[in-house]
Amino acid sequence: MKKIFSFAMLLAASTFALTSCSDDNDSNPTLVEPSEFVVNQPAVGEGLIDLSSSSAIELTWSQPIFTNMGAPVVPAYSIQVSPSGTFNQAYDETLEDNTGADYIVLPETYNGCTASIDAASLDKALVQLQGWSSDNVPGSMALNIRVKAAVQDIDFADLMTVYSNVVKVNAIPYYIELSNSPIEIWYLTGGCIADGSWSNSEDAIGKGMTPMFIKQGYDYDKKTGKGELEYAGYFPEGAIFKIIAPAGLSNWNYGICGGDQNGGQTYRDGGDDPGNITITEAGYYKFTLNTATYEMVWEKLDPQATYSQISMPGDYQGWDVNSNLMTALTTATENHDWVADLTFSADPSEGGGVKFAADGAWDTNWGGDTFPYGYGVGNGSNIWYAAGTYQVFFNDILGSYMFIAK
C-alpha cells in the first residue's frame, strides 16, 4: 500500500483549517511524537507456521497518535523482521557486503493498522538476510517482528519515527533461488512521442509512452537494475518531451527534464519541474541515459530508413512475414517504434524462435540471442522466446527489442 500523507501536505491542510487562529503555532506548527504503540500477537501465536504452504501472516496494531496543532497525523507503516531480535543493522540490498545485518525491512508500506505479510515475500527476505544456500536452510527458526511508524515529508523522508513492541512467530523457512533485479526501464512521453498525448500512467505504456532500450553488452547493477538505456528516433524542430522514471509514473515527479540535444538535462527528484527537453534542430538522434547517475549523452544520426510494416515471423506461426504485424507506436511524427501484444502457447521447437522483419519480406530482418531484452542485428539468430503473453516493443533504428510479460 502506498503512503498517502506527507508532513508538508498536513501542514498545508492544518494551516488552511486554522487561519482564524492567532496563536504562534499558525506559522510555526509543532508535531507531537508518541512514545510507543502496540502490535498484537498474530493469530498463529508462537506456534509453527510453514512458509512454503502458508499464504500470509496477518498482523494488526494500535495507531500511534502523532498530532500537529491538535490534529491527528497519519503515519506510514513498515514491517521489520529479525531472527536475533536485536534490530541493530538493517539489510541493505544496494550493498555488496551485508555482514552484521540482523534485520530486514519488508518492501510493502501501509497506511492502516493491518498488514497481510505474504509468506513467500517473507521467506525471500529471510534468504536475503541470512545468505542461505539450498543445503543450509534451518528446519525452523524464531522470527521477531516489529512495526515502524513514521511521519514523512513531501519527499517521503522520515521526520519522526516510533517503533512497536516485538512479537515472535516460529516459522519453517525454505530455500528460494534469488534472481537479479530486473533492468529498470524508463519511458519517453511528449508531444512528439507515441500518440503525442503526454500520458505518463502505467497503462499508457505502448500508447502514449514508449520505453527506452537496453544497451548491448552493458553490465547492469544486479541489485538495482540500474544502468545505461538507449533510445533513437526522429525529432521535428521544436519537439518537446520528458523521460519518466518508474517512480514518476502517474505523478510526473521523477525523471529527466529540461535542456536540449546539446545537453543541460536535469533529474527531477520530486522538486519543482525543470521544464521539457526541447529539440531545437530537427533530425535523427540517439541518446544514452545512465539511470544511476542521471547523465545523458546525445548523438546526431544520419537519416534512417523508414518501414511501412514490421512483422514477427517465427515457428509459432509458420515463419510468415505477412502475419503477426506490429503497430506503429509513433503517430505524432515519423515512426521508428513498434508494439504488439503476442502470446506464445509453448516454448519454441528446436531450430525455432522468432524474428522481426520489415515490409513483408526477408530482405531486412533482425534477430538476437537474448530474451526478454535484446539487441537485434541484421540476419541475426532466432530469438529463443519462452511461452507466455507479452507486450513486445521494437525500435527499428537500434534494432532493440523488449518482451514485457503480461
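We number each residue from 1, following the sequence as shown.
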TODO: Would you please classify the geometry between the Y307 ring and the W366 ring as parallel, tilted or perpendicular, with 30° and 60° separating the classes?
DONE: perpendicular
- [ ] Could you give me the CA-CA distance, side-chain angles and deciding distance for Y385 and F371, then say whether ring pair (Phe, Tyr, Trp, His ring centres under 6.0 Å) is met?
- [x] CA-CA 6 Å; Y385 58 80; F371 178 89; 7.2 Å; no
Open item on the list: Show, in sequence, the C-alpha distance, side-chain angles and deciding distance for N324 and Q317, and conclude whether the side chain to side chain donor-acceptor pair (under 3.5 Å) test is met.
Closed with: CA-CA 8 Å; N324 298 96; Q317 47 83 286; 3.1 Å; yes
Task: Partners passing side-chain hydrogen bond (donor to acceptor under 3.5 Å, both in side chains) against D320 (at least two apart in sequence or in another chain) - done: S323
Open item on the list: Regarding Y220 and E228, do their side chains bring together a donor and an acceptor under 3.5 Å, going by distance alone?
Closed with: no
Open item on the list: Here's a test for you: under ring-ring contact (aromatic ring centres under 6.0 Å, His included), which of Y284, Y231, Y285 qualifies with W298?
Closed with: Y285
Open item on the list: Which label fits F344 and F403: parallel for a plane angle under 30°, tilted from 30 to 60°, or perpendicular past 60°?
Closed with: tilted
Task: Inter-residue atom distance S54.OG - I172.CD1, 0.5 Å rounding - done: 8.5 Å
Task: Rounded distance [0.5 Å steps], CH2 in W186 versus CD1 in I243 - done: 8.0 Å
Open item on the list: To the nearest 0.5 Å, what is the distance between CD1 on I256 and OH on Y294?
Closed with: 8.0 Å
Task: Side chain T291, main chain G227, donor-acceptor under 3.5 Å - done: yes
- [ ] Just do the side-chain contact (heavy atoms from CB on, under 4.5 Å) check on N200 and W198 with the steps written out, would you?
- [x] CA-CA 7 Å; N200 80 320; W198 278 100; over 6 Å; no
Ignoring hydrogens and angles, write down the donor-acceptor pairs under 3.5 Å from the side chains of residues 73-80, residues two or more places apart or on other chains.
unit_1: Q80; atom_1: OE1; unit_2: R146; atom_2: NE; d: 2.7
unit_1: Q80; atom_1: OE1; unit_2: R146; atom_2: NH2; d: 3.0

Task: Within residues 111-139 or reaching into it, pairs that qualify as salt bridge (Lys or Arg N to Asp or Glu O under 4.0 Å) - sequence neighbours excluded - done: none
- [ ] For the pair D195 and K207, find out whether any cationic side-chain nitrogen is under 4.0 Å from an anionic carboxylate oxygen.
- [x] no
